[in-house]
Amino acid sequence: MSNGNVIQTGLDVEKIRKDFPILSIKVNGKRLVYFDNGATTQKPLSVIKAVENYNENLNGNPHRGAHYLGVTSTEAYEKAREKVRAFIGAEKSSEIIFTRNTTESLNLIAYSYGLNAVSKGDEIVIAISEHHSNILPWQMISKVKGAVLKYMYTDENGRISEEEYKSKITDKTKIVSIAQVSNVLGTKYPVKEIVKYAHEKGAVAIVDGAQSTPHMKIDVSDLDADFFVFSGHKMLASMGIGVLYGKEKFLLDMTPFLRGGDMIEYVTEQDATFAELPFKFEAGTQNVEGAVSLGAAIDYLNSIGLDKIEAYEEELTEYALEKISALDYVTVYGPKTAKGKGGIISFNVKDVHPHDVATILNNYGIAVRSGHHCAQPLMKHLGIQASSRASFYFYNTYEEIDQFIEALKNVRKWLGYGRS
Ligand code: 7TS
């Protein structure tokens, strides 16, 4: 299996890798093994070229003026919006709002929806494994409005049981916000069931798709989430472009988050009326080249197929889990099998600080993340300060996992310990 890049899923990974120039660079004399895809992903040539083409031929300030480049940039921007709509199965492109990233999308929901919808004594429910981006906005709303922030806890396998979410989401719950895939544990949570239950209790459901949208087919209509958010840079696109999907019935009633140019209809000395959706939420000059990069990234992902990507990553993760579990001085957090888990493995090496693990692996050209992964409440829940994390994408190979495991076997030796 270790040399098999063309497995049951039929992904020709060697061919795919040729599309990603950065994967050929050397780090400390070794070919880069990039296992930090949970933080950000690399770009294929088609995305790099789409941005180049935009800047060489199409750049202008969209939605302003009638001149040629004003029109071409508007077309490029709106074409990207339509690609996003189709990619996540939204009904209308006016339900797709471009933001900077997942963090901004969640803050937009908190300020524009949460501040109005939540009152004293109401409850907001999130998971203990949330990224800080899906915690801090709700802490703010809870403090300002006198609401209660409640947590759904993960069990020893990194899962949230039906019993757990049903005991936390109650008639008092106004907002449920949960990541579809945990950026630390890799758990794929039963978000469709959680959204359904939240609706039964009269709550609004928000799904953070930062770690799911790049890796699996998303259909927001089927999921029925009221809001769905993600970042372009974790799915082959540029940094600085993110998405907020919201059901029209909510977006229409929400007040703008940011105010200024391009989001108005009329402005008088003392008052203003706002532009229609989605422009009401896109104040100021937008990141058009970012949107273009996201459109090109979507084309690339579609050309491979999200179902194939998910299946390949599951096989790769199963292989890595099997190998890493055989090292008795390594502790793995979250689900121990790849079924129901994204390509994310968080772990600690006995007696070695995660930063040392990452630094030693870097000597072998291997990039893994270390730290609290912006999930400090989860770290506390797990009883640890930090962990190392390997996170995969469809351009990673079995060979790279072998290299990673071999390097991991040497980590304790570097620090003067025996191998086990
Ligand atoms: N939500 C989840 C589940 C995430 O994993 C991240 C980023 C965010 C929100 C925030 O995304 P941003 O694009 O707004 O920054 N996660 C990580 C990570 O795991 N390592 O670096 C960033």
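Counting starts at 1 for both ligands and their atoms, following the listed order.
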Trainee: Scan Tyr111, Phe274, Phe281 and name whichever one has a ring pair (Phe, Tyr, Trp, His ring centres under 6.0 Å) with Phe257.
Mentor: Tyr111
Trainee: Compile the protein residues with any heavy atom at a distance under 4.0 Å from an atom of ligand 1; present them by chain, then by number.
Mentor: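 Within 4.0 Å of ligand 1, the protein residues are Gly38, Ala39, Asn101, Thr102, Thr103, His131, Ser133, Asn183, Asp208, Ala210, Gln211, Ser231, His233, Lys234, Arg369, Arg389.
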Trainee: Let me have the donor-acceptor pairs involving side chains of residues 382-389, under 3.5 Å, with sequence neighbours excluded, atom names and distances please.
Mentor:
{"from": "Ser387", "atom 1": "OG", "to": "His373", "atom 2": "NE2", "distance (Å)": "2.9"}
{"from": "Ser388", "atom 1": "OG", "to": "Pro354", "atom 2": "O", "distance (Å)": "3.4"}
{"from": "Arg389", "atom 1": "NH1", "to": "Asn183", "atom 2": "O", "distance (Å)": "2.8"}
{"from": "Arg389", "atom 1": "NH2", "to": "Asp36", "atom 2": "OD1", "distance (Å)": "3.4"}

Trainee: Can Glu310 and Lys188 be counted as an ion pair, charged N to O under 4.0 angstrom?
Mentor: yes
Trainee: Picking from Lys174, Lys249, Lys247, what satisfies salt bridge (Lys or Arg N to Asp or Glu O under 4.0 Å) with Asp226?
Mentor: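 When Lys174, Lys249, Lys247 are each tested with Asp226, the salt bridge (Lys or Arg N to Asp or Glu O under 4.0 Å) holds only for Lys247.
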Trainee: Out of curiosity, Ser93 OG to Lys79 NZ, how far, rounded to the nearest 0.5 Å?
Mentor: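 Atom-to-atom, Ser93:OG and Lys79:NZ are 14.5 Å apart.
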Trainee: When you compare the side chains of Ser129 and Ser182, does any donor N or O come within less than 3.5 Å of an acceptor on the partner?
Mentor: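 No, Ser182 and Ser129 have no side-chain donor paired with an acceptor closer than 3.5 Å.
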